Amino acid sequence: MTDWIAIAQVSVSLNVLMLFVLTGIWARNYRAFRSKHAIGLAVFGAVLLAQNGLTLYFYSFHPVLASWFATDMPPQAWTANIVLHVFQTVALAFLLWVTWD
């Protein structure tokens, strides 16, 4: 089960890093252009960053949930979580590549 938690932690950590960069770019664009599109992206990034930050906290540091995720979560649930986290990582990597360009 430890492999599942490690994969989830790495994927969510990458998501947090990419969302931090993306939200910074979008916030900078909002300050420069004052467009509704840029503020929408910045708010979206901030909310998704908060969601991934909480997920990382629950997986790694929460006194009850971290232990449950590491030892008692059913393998089918881990498979579903990992698929979602990895899909999000791929999507954010593509979005970061497009945004950075």
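Worth saying up front: this structure is predicted, and the values here are computed from it rather than measured. Every heavy atom of this structure was used, including side-chain atoms; hydrogens, water molecules and symmetry mates were not.
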State which residues pass side chain to side chain donor-acceptor pair (under 3.5 Å) with T99; sequence neighbours excluded, sorted by chain then number.
-> none
Does any N or O in the side chain of S11 come within less than 3.5 Å of the main-chain N or O of I7, such that one atom is a donor and the other an acceptor?
-> no
CG (L17) and CG (L96) are apart, to the nearest 0.5 Å, by 8.5 Å
Other hydrophobic cluster members with W97, side-chain heavy atoms of Ile/Leu/Val/Met/Phe/Trp/Tyr under 4.5 Å, chained?
-> F94, V98
Counterpart residues, ring-ring contact (aromatic ring centres under 6.0 Å, His included), relative to F33 (two or more places apart) | none
Between side-chain atoms of residues 37-50 and protein atoms elsewhere (two or more places apart, or another chain), which donor-acceptor pairs fall under 3.5 Å?
none

L19 reachable from L84 in the ILVMFWY side-chain graph, under 4.5 Å edges | no
Worked check of side-chain contact (heavy atoms from CB on, under 4.5 Å) between W100 and V21 = CA-CA 9 Å; W100 199 276; V21 171; 3.5 Å; yes
Which pairs with one or both residues in residues 47-68 pass ring pair (Phe, Tyr, Trp, His ring centres under 6.0 Å), sequence neighbours excluded?
-> Y57-H62, F58-H62, Y59-F69, Y59-W78, Y59-H85
Sequence neighbours left out, what pairs pass side chain to side chain donor-acceptor pair (under 3.5 Å) with at least one residue falling in residues 12-22?
-> N15-N52, N15-Q88, N15-T89
R28 NZ/CZ over Y30 ring centroid, <6.0 Å and within 45° of normal = no
If you link I, L, V, M, F, W and Y whenever their side-chain heavy atoms are under 4.5 Å apart, who else ends up in the same group as F87?
-> V83
Excluding sequence neighbours, so at least two apart, what forms side-chain contact (heavy atoms from CB on, under 4.5 Å) with A77?
-> M73, P74
